Amino acid sequence: MTVMKTSMRNFFAHKGRMALSAIAVMLSVAFVCGTLVFTDTMSTTFDKLFAATSSDVTVSAKGASDSGETTSDNGRPPVMPASVLTKVRAAQGVKSAEGTVFSTSVTVVDADKDNLSPSSGAPTIVGSWNANDARTMKITSGTAPRNSGQVMVDADTADKHHLKLGDDIGVISAVGTHHAKISGIADFQVTNPGAAIFYLDTKTAQQTLVGQPGVYTNVNVTAAAGVTDAQLKTHVAAELGGAYKVQTAQETADANQKDVEGFMNVMKYAMLGFAGIAFLVGIFLIINTFSMLVAQRTREIGLMRAVGSSRGQVNRSVLAEALLLGVFGSVLGVGAGVGLAVGLMKLMGSMGMHLSTSDLTVAWTTPVVGLLLGVVVTVLAAWLPARRAGKVSPMAALRDAGAPADARAGVVRGVLGGLLTAGGGYALYLAASADKAKEGSSWLGLGVVLSLIGFVVIGPLLAGGVVRVLGAVVLRVFGPVGRMAERNALRNPRRTGATGAALMIGLALVACLSVVGSSMVASATDQLDKTVGTDFIIQSDNGQLVTPAAVKAVKDTPGLSRVTEYKIAEADYTTPDGKTLKDTDITAADPTYATDLRTKTVAGNLADAYKPDSMSVHEKFAKAHGVHLGSKIKVAFKDGATANLTVRAITSSDVVIDAGSKYTSIATLAKYVPADKMPLDQLVFASAKEGQTDAAYKSLKSALHGYPQYTVRDQTDYKQALKDQIGQLLNMIYGLLALAIIVAILGVVNTLALSVVERTREIGLMRAIGLSRRQLRRMIRMESVVIALFGALLGLGLGMGWGATAQKLLALEGLKVLDIPWPTIIAVFIGSAFVGLFAALIPAFRAGRMNVLNAIATE
């Protein structure tokens, strides 16, 4: 009980000093809890949506996925004849059944031909209005579509794009473009995660989406009273004889949930990973806080030992303070996490994915995980300072405050840090020397972990030399004040090392990712320059296939010398070694593609692969399956016949663009796949006539104005788009790393604040002999700057080493250019100096306000 009273007294006596550590714990716990609440809420939202929109039993075509997804290679959804609906209605236990048609392989435009698809990546769905949809949608304005001239739109899409009754809408599908006027607006009765939904009448949907009457993508079946979904499924399946896919409402909902689960898991674990980095940085802050508090209370602890306190009691007293800090910070963090989740929901809403706070889900495990994590991490971080406090002897009561340095500990630290750093360096060397990327990635991971731990351990020993160099470059220009700031940073290398290490972790990851991202862009750009021989690339940025009408618009554009279509088909391969490879891609293109993409070959001529009944394979495939020039490969095309194709070329596997592709001609594909089953183009390439590049570029953009889902890019545009995509990904990662850097800044603030308290008497004496307030504040700011630059120097150097090693592994996959983004590295280094200045504002201000006499009188 005495230990707890002592801990409580010390905790509240130093509550100001504990505040920043509590904030660090709170931020880290909030990030974990916020992530869990946010992803759980998304799961709840989708669960409710799928449960509400699923009929008792759903019948779909064999070609449809388990979730009912309608995207197909030919742009048309898999369908069933109307006779299926008749059979289903005749099945035992059926109350009612209704045929529906819907597709997600569509683009919808307004009268100005602007795209109405969501910007969040959610689907655009066009389907027939039916009784099942009427359960979840309420018509709030106008009427449901009754003929080909009418279309109904969901209220969210109408509000976002300012659509109203009577406005013209164009539905672009593989069949063509259908125009209709808005006859009604329907509001969701469940939360809409962001999809744009348009409804046509059934006959119009069949013609617009499939191109033929009397077919359905789904049959929604309602069970009669007393019939379970499982029983109904059995009866319907028996009636249909297994020719179609039959699922209960739960099975459909589960399949839909599985589709979104992968995305949510990636997001969840990525965010939790960055929360872990913030926790790691917070550990240094907590260790520093308790180390300094123990050092400042050395005489007090010595007196406790002199009057009978045991080492265990002193140890437990410090750990009890850490426990209080962990509980306090974690409780605040759990609450802040819920607030963070709501903020993320609002952010997603602004991006088009609507999540209702009425679905906010806080599982009982979330606060438990947050509290346990925060408390355990805090107590573990305080263990070393607590152990050090337990070693204070009663004789310390007779000495000045401050724990004596442990020379033996310094030697152990140096040896251990050196071994870890050397081990990490050797692992990185093995990674860079690896022949296979998979093998090298394991060494890279080991090297990153060992080198990071090594730098953390050896940091206090590096502080002396690095800070002196930084002091000579940065601080000496400030005269005596700069030299005092340098000595203050060198006074306690362990503290400086731990403070710098907190900043080092975040900046090392920033530098590593910057090098990797920049190298990827440089490598891809280099490959484009060397291999791409076309002027323009036409494609959809959201994965939609290029419709025949759009291809015709490209081919009709004046000023073009050639147009190349590029399709990807699916087939089963039977190779010369007797193996059968299921669902394997084959790339079908016009013969001009051999000019548009100058792919290296190791045998044969790529142009020959476009001859009738011919193909090419890549080098790795050839070695794995005993394929050589002249080999025959049996190719069973999906939805088509089986062909025996002759291998006319073997391409290099050492490429980035189209890596692993196997080529044949579109003419060969068309010979074995019916016209209505032919896959649509993934891309279209076009080249201008000599001297007409600029005019052709403008003409192409004009020709495709009515198809806003497609983008026309020249090579410069394509390189910029690639750079922007990687840049967006890196910016998102930098945003998540910002939490760790904020915690590191709190660590610098806390270190300086405690350092000022520790040096109160010294500061009073300096003021008494003539040091002005302005000079005092400058000294503290300069000390903060040099600590921040120390952490930045270690972090950026370490991160560039990691990035350069990672690039060696990327080189094995064809990305061979190492590019160090020096502007980014220099900007981060300079920015670290401003971080130091910012962190010192409050401690410097408080130091300047000290009463000189009171400071001198401080024990």
Side-chain angles (χ1 to χ4, degrees), residues 73 527-537 546 551 555 560-581 583-638 640-675 678-687 814:
D73 290 342
Q527 283 280 323
L528 281 168
D529 290 336
K530 290 179 179 178
T531 61
V532 176
T534 187
D535 293 322
F536 311 114
I537 301 169
V546 186
V551 174
K555 290 183 175 180
L560 297 179
S561 61
R562 67 176 183 271
V563 174
T564 303
E565 297 184 54
Y566 178 100
K567 304 174 184 286
I568 295 180
E570 206 172 86
D572 296 339
Y573 286 32
T574 301
T575 53
D577 59 359
K579 294 181 181 178
T580 299
L581 309 176
D583 301 329
T584 304
D585 287 344
I586 185 166
T587 300
D590 291 319
T592 49
Y593 189 60
T595 304
D596 292 329
L597 185 69
R598 297 183 288 269
T599 300
K600 292 188 296 183
T601 59
V602 296
N605 188 339
L606 186 57
D608 293 339
Y610 296 99
K611 292 180 178 179
D613 289 338
S614 301
M615 68 178 296
S616 73
V617 297
H618 61 90
E619 188 176 7
K620 290 181 179 177
F621 182 92
K623 289 180 179 178
H625 300 288
V627 176
H628 52 78
L629 290 183
S631 293
K632 297 279 187 180
I633 297 179
K634 186 181 289 185
V635 181
F637 291 102
K638 179 182 177 182
T642 299
N644 285 303
L645 303 185
T646 303
V647 176
R648 304 287 186 187
I650 298 176
T651 59
S652 171
S653 294
D654 188 21
V655 295
V656 175
I657 300 172
D658 266 6
S661 290
K662 296 167 279 291
Y663 298 110
T664 191
S665 67
I666 291 178
T668 296
L669 181 66
K671 180 179 176 181
Y672 297 99
V673 177
M678 277 286 284
L680 298 184
D681 292 330
Q682 299 275 338
L683 305 164
V684 176
F685 302 92
S687 293

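Bear in mind that the values here come from a model prediction, so they are computed numbers and not experimental data.
When all heavy atoms are compared, the tightest approach of Y610 to A594 is CE1-CB, 4.0 Å. The nearest pair of heavy atoms linking G533 to R562 is O-NH2, 3.1 Å. Nearest heavy-atom pair, A622 versus V617, reported as atom, atom and distance to 0.1 Å: CB-CG2, 4.1 Å. The shortest non-hydrogen separation linking T668 to K611 is OG1-O, 3.7 Å. Shortest non-hydrogen contact noted between T584 and K662 is CG2-CE, 3.8 Å. Across L629 and G604, no two heavy atoms sit closer than the pair CD1-N, 3.6 Å.
Inter-residue side-chain proximity for L560 and F536 is flagged as met; some heavy-atom pair is nearer than 4.5 Å. The shortest distance between side-chain heavy atoms of L597 and V532 falls below 4.5 Å. Using a 4.5 Å heavy-atom threshold, the side chains of V546 and L683 count as separate. For the pair T646/D613, no side-chain contact is recorded, criterion being any heavy-atom separation below 4.5 Å from C-beta on. V627 is listed as a side-chain neighbour of I633, based on a closest heavy-atom distance under 4.5 Å. The closest side-chain heavy-atom distance from V563 to V684 is below 4.5 Å.
Distance check, rounded to the nearest 0.5 Å: OG1 of T564 to CG of D596 gives 3.5 Å. Distance CZ/R598 to CD1/I657: 10.0 Å, rounded to 0.5 Å. The distance from the CG atom of D658 to the CD atom of Q527 is 11.0 Å, given to the nearest 0.5 Å. The OG1 atom of T574 sits 14.5 Å away from the NZ atom of K632 when rounded to the nearest 0.5 Å. Taking OH of Y566 as the reference point, atom OG of S661 lies at 4.5 Å (rounded to 0.5 Å). To the nearest 0.5 Å, atom CD1 of residue I650 and atom NZ of residue K623 are 10.0 Å apart.
Between Y573 and F621, the ring planes are perpendicular. Angles over 60° get that label, and only those under 30° would be called parallel. Classification of the F637-Y672 ring pair by plane angle, with boundaries at 30° and 60°, yields parallel.
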T592 and D590: CA distance, side-chain angles, deciding distance, side chain to side chain donor-acceptor pair (under 3.5 Å) verdict: CA-CA 5 Å; T592 49; D590 291 319; 4.9 Å; no

Apply side chain to side chain donor-acceptor pair (under 3.5 Å) to the pair S687 and T534, showing each step before the final yes or no. CA-CA 5 Å; S687 293; T534 187; 3.3 Å; yes

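Looking only at distances, no side-chain donor or acceptor of T601 sits under 3.5 Å from a matching main-chain atom of T651. At distances below 3.5 Å, at least one donor-acceptor pair connects side-chain atoms of D572 with backbone N or O atoms of D583. Counting only distance, with no hydrogens or angles, the side chain of S616 and the backbone of Y663 share a donor-acceptor pair below 3.5 Å. At distances below 3.5 Å, at least one donor-acceptor pair connects side-chain atoms of K567 with backbone N or O atoms of P679.
Ion pair E619/K600 not flagged as a salt bridge, since none of the NZ, NE, NH1 or NH2 atoms sits closer than 4.0 Å to an Asp/Glu carboxylate oxygen.
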